[in-house]
Amino acid sequence: MLKTRYSLDQPAIYRIRVFGTLDVRWSERMGDMRIAHPEKLVGQTVLTGELIDQAELFGVLNSLYTLGLFLLNVEHVELGAAAEGAPEP
């Protein structure tokens with residue numbers, strides 16, 4: 001059994017789900033996270049990717065807030081789940 005080590009100042013993979021549509025051109029501004037619009041999540045955007053620390057995560061969240069996107073979920077993603085690339089709600 002693996003133990004996840006959480007840290008405020010280490011890289012981690014996150015999945016963020018918002019209500020609203022964010023164009024993929026915003027990826028660079030959002031820490032180079034992958035931006036997807038899964039068909040099963042109509043009207044929602046899922047951002048997935050590695051951020052250098054939680055300060056960068058807060059920067060992304062602040063940008064989403066500034067754009068008026070409603071935050072639905074923020075999830076720390078285990079490495080194996082992120083490699084599959086499937087944005088899950």
Got a list of side-chain donor-acceptor pairs under 3.5 Å for residues 61-69, not counting sequence neighbours?
from: S63; atom 1: OG; to: R29; atom 2: NH1; distance (Å): 3.2
from: S63; atom 1: OG; to: R29; atom 2: NH2; distance (Å): 3.0
from: S63; atom 1: OG; to: G59; atom 2: O; distance (Å): 3.1
from: T66; atom 1: OG1; to: N62; atom 2: O; distance (Å): 2.9

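Between atom NE2 of residue H37 and atom OG1 of residue T45 there is a gap of 3.5 Å, rounded to the nearest 0.5 Å. Going from atom CE of M30 over to atom CZ of R25 covers 13.0 Å, rounded to the nearest 0.5 Å.
Considering only heavy atoms from C-beta on, V46 comes within 4.5 Å of L41 through its side chain. Side-chain contact check for Q54 versus Y14: some heavy-atom pair is nearer than 4.5 Å. Residues I16 and L57 meet the side-chain proximity criterion, which asks for heavy atoms closer than 4.5 Å. V18 is not listed as a side-chain neighbour of L72, based on a closest heavy-atom distance of 4.5 Å or more.
Contact record, L8 with D53: O-CB, 3.4 Å, taken as the closest heavy-atom pair. Nearest heavy-atom pair across M33 and L51 is CG-CD2, 3.9 Å. Taking all atoms of both residues into account, the shortest heavy-atom contact from I35 to L22 is CG2-O, 3.4 Å. Closest approach of Q44 to R17, counting heavy atoms only: OE1-NH1, 2.8 Å.
In the hydrophobic clustering of ILVMFWY residues, with side-chain heavy atoms under 4.5 Å counting as a link, F58 and I52 come out apart.
A search for salt bridge (charged side-chain N to carboxylate O under 4.0 Å, His left out) contacts involving D9 returns nothing, not counting sequence neighbours.
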